[in-house]
Amino acid sequence: MQEQEAKAYFSKELLAWYRVQKRDLPWRRSRDPYHIWVSEVMLQQTRVETVKPYFKRFVTLFPTVDALAKAPEEKVLKAWEGLGYYSRARNLQSAAREVSERYGGTVPDTKERFSELKGVGPYTAGAVMSIAFNRREPAVDGNVMRVLSRYFCIEEDVAKGGTRAMMERLQYELIPEGEASDFNQAIMELGALVCTPKSPHCLTCPVMERCAGRLEGKEESLPIKTKAKPPRPEYRACALVVSEDGGSVLLRKRPATGLLADMWELPHVEFAAMGWPAAMADAAVGDALAGWLGAELGPEASGAVRPAEPVGVAEHTFSHIHWNLRVHRLTAATAESAPLQEPYRWVDRAGMEVHPLPNVFVRLLKAEGFIPA
DNA sequence: AAAGCGGGGCC
DNA sequence: GGCCCAGCTTT
């Protein structure tokens, strides 16, 4: 049957190509399932080049499951700072604690057990089980969806759950006996290096001859995916409060759930939540922000917060929200005269090392000279 | 099934 | 400036 031949051809040629072309990546130098696991979590929605330095630093700081389990959460988040999707880090540490307690620090080697851990979904479970233990499990990510939808000319919407399940069955059939680790890495490698989202390099593709999408002239239009909604705008006033001696800045810790959970940030507030007009002039924003922050900090500090000057506008786009931050420098009484209560804290330059900040605030503090560029 | 959840690279 | 990406969790 022709389809069986197309499958056997795909598996054989892809594996041969991978043996020659595979990249030397930091996590491929380790056989430690924990290291493979860390790399797979970091690689969720994140490019290889971005992950490389984070991975090296992370496994140096936390070389074993037990080391990660014992570490303070702030240190883990700090090691993740700038990578985004911070729940990945918190879930990974939670899972490490589970493995440490229930399995004595040994990573489970079955998909059933491993999948019970926090932050481990179908992709990560399949990836770690196949790559680290050579188990025959599919691991369908964006690369695999793209490669399979093109090679087999699958025109179903890859955002649908049913399509994903079909891809998993297909990938499972394609895995040659005893070759799950290399084959799964090979198909992802092809997606990363050759079968790229835009302008795929078909002429150097090891399976071009029998690629149905290519033969139909659809390699650029596959995979078919429904578009994401545009992010909704949020207009916010943001306070850059530097202490009187210039050595500290006022930060606050975010709640343990939701956007940027457990991260630190400059205090800010949404215009709409305060009933402020979005088109408010700078002077009015400074006054309103000072009044709001004074109330936030409590009676002792109230009235001690005063507007200084507008700094400018910082913008930051998340996958679902677009922040427009009107940043103002403010002055405030410092620790001695007005003790702060949580979640607020004065943090000096050295203290920045233990306070994980989202990138938008790191950039802001660098631009204002508080963090060295 | 849809929405929430970051950030950077690429065209 | 828009689009895309080595996903998981919650609702």
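FYI, side chains are in, hydrogens and waters are out, and symmetry mates aren't considered; it's all heavy atoms of this structure.
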Rounded to whole Å, CG of A:Leu43 lies from P of B:dG9 at a distance of 15 Å

Nearest to the side chain of A:Met188 - B:dG6, C:dA6, B:dG9?
C:dA6

Each residue besides A:Ile224 in its hydrophobic cluster should be listed here, by chain and number; the cluster joins Ile, Leu, Val, Met, Phe, Trp and Tyr at side-chain heavy-atom distances under 4.5 Å.
A:Leu222

Tightest non-hydrogen contact, residues A:Val107 and A:Pro33, listed as CB-CB, 4.1 Å

Over all atoms of both residues, closest heavy-atom pair of A:Gly247 and A:Phe370:
O-CZ, 3.4 Å

If the cut-off is 4.0 Å, is A:Tyr85 near the phosphate of B:dG4, judged by side-chain N/O to OP1 or OP2?
no

Taking the side chain of A:Lys229 as its heavy atoms from C-beta onward, which of C:dG7, B:dA3, C:dC4 lies nearest to it?
B:dA3

Heavy-atom pair of closest approach, residues A:Val38 and A:Phe58:
CG1-CD2, 3.8 Å

Atom-to-atom span, CH2 of A:Trp80 to C1' of B:dC5 - whole angstrom:
14 Å

Quick one: does any side-chain atom of A:Ser11 pair with a main-chain N or O of A:Leu174 as donor and acceptor, under 3.5 Å?
yes

Starting at CG of A:Asn359 and ending at C1' of B:dG9, how long is that distance when rounded to a whole Å?
14 Å

Return the set of residues passing ring-ring contact (aromatic ring centres under 6.0 Å, His included) with A:Tyr34 (not counting sequence neighbours), or none when no residue passes.
none

In whole angstroms, how far is the P atom of C:dG7 from the CD atom of A:Glu40?
9 Å

Ignoring hydrogens and geometry, is there a side-chain-to-backbone donor-acceptor pair from A:Arg252 to A:His268 under 3.5 Å?
yes

Please report, rounded to the nearest Å, how far the P atom of B:dC5 is from the CE atom of A:Met42.
22 Å

Looking at A:Arg363, does any N or O in its side chain come under 4.0 Å of the phosphate oxygens OP1/OP2 on B:dG8?
yes

Hey, does A:Leu92 reach any base, or is it just sugar-phosphate, or nothing, if we go heavy atoms under 4.0 Å?
nothing

Under 3.5 Å donor-acceptor pair, A:Ser319 side-chain atoms to B:dG7 base atoms
no

Looking at C:dC5, I'd like to know if its phosphate oxygens (OP1 or OP2) sit under 4.0 Å from a side-chain N or O belonging to A:Lys225.
yes

In terms of the angle between their ring planes, are A:Phe10 and A:Phe183 parallel, tilted or perpendicular, with boundaries placed at 30° and 60°?
perpendicular

Short N/O separations, protein against nucleotides 9-11 of chain C, under 3.5 angstrom:
{"unit_1": "C:dT9", "atom_1": "OP1", "unit_2": "A:Gly119", "atom_2": "N", "d": "2.6"}

What is the nucleic acid contact for A:Leu260, judged by heavy atoms within less than 4.0 Å: base, sugar-phosphate only, or nothing?
sugar-phosphate

Taking atom P in both B:dC11 and C:dA6, what distance in whole Å separates the two?
14 Å

What is the nucleic acid contact for A:Arg254, judged by heavy atoms within less than 4.0 Å: base, sugar-phosphate only, or nothing?
nothing

Scan A:Pro230 against the nucleic acid and name what it touches under 4.0 Å (heavy atoms): base, sugar-phosphate only, or nothing.
nothing

In whole angstrom, what separates A:Asn143's CG from C:dA6's C1'?
6 Å

Among B:dG8, B:dC5, C:dA6, find the nucleotide with the atom closest to the side chain of A:Ile321.
B:dC5

Starting at CG of A:Leu148 and ending at C1' of C:dA6, how long is that distance when rounded to a whole Å?
14 Å

By nearest-heavy-atom nucleotide on DNA chain B, the more 5' of A:Gly162 and A:Phe318 is A:Gly162

Less than 4.5 Å apart, side chain to side chain, heavy atoms only: is that true for A:Cys238 and A:Phe361?
yes

Base, sugar-phosphate or nothing for A:Ser87? Non-hydrogen atoms, less than 4.0 Å.
nothing

Can you tell me, in whole Å, how much space there is between the C1' of C:dC4 and that of B:dG6?
14 Å

For a quick test of reading the model: is some side-chain N or O of A:His320 closer than 4.0 Å to OP1 or OP2 of B:dA3?
no

Ranking C:dA6, B:dG6, C:dC8 by distance to the side chain of A:Asp141, first place goes to C:dA6

Which of the following nucleotides, C:dC8, C:dC5, B:dG4, is nearest to the side chain of A:Gln44?
C:dC8

Any A:Gln45 side-chain nitrogen or oxygen under 4.0 Å from OP1 or OP2 of C:dC5
no

Looking at the side chain of A:Thr124, which of C:dG7, B:dG6, C:dA6 is the nearest nucleotide?
C:dG7

If you pin A:Gly161 and A:Arg88 to their nearest nucleotides in DNA chain B, which one's is more 5'?
A:Gly161

Can you tell me the distance, in whole Å, between the CZ atom of A:Arg150 and the P atom of C:dC4?
11 Å

Closer than 4.0 Å, any side-chain N/O of A:His316 to the OP1 or OP2 of B:dG7?
yes

Residue-phosphate contact under 4.0 Å: A:Arg146 side-chain N/O, C:dC5 OP1/OP2:
yes

State which of C:dC8, C:dA6, B:dG9 makes the closest approach to the side chain of A:Ala192.
C:dA6

Between A:Phe55 and A:His35, how do the two ring planes meet: parallel, tilted or perpendicular, split at 30° and 60°?
perpendicular

Using a 4.0 Å heavy-atom cut-off across all strands, classify A:Gly191 as base, sugar-phosphate, or nothing.
nothing

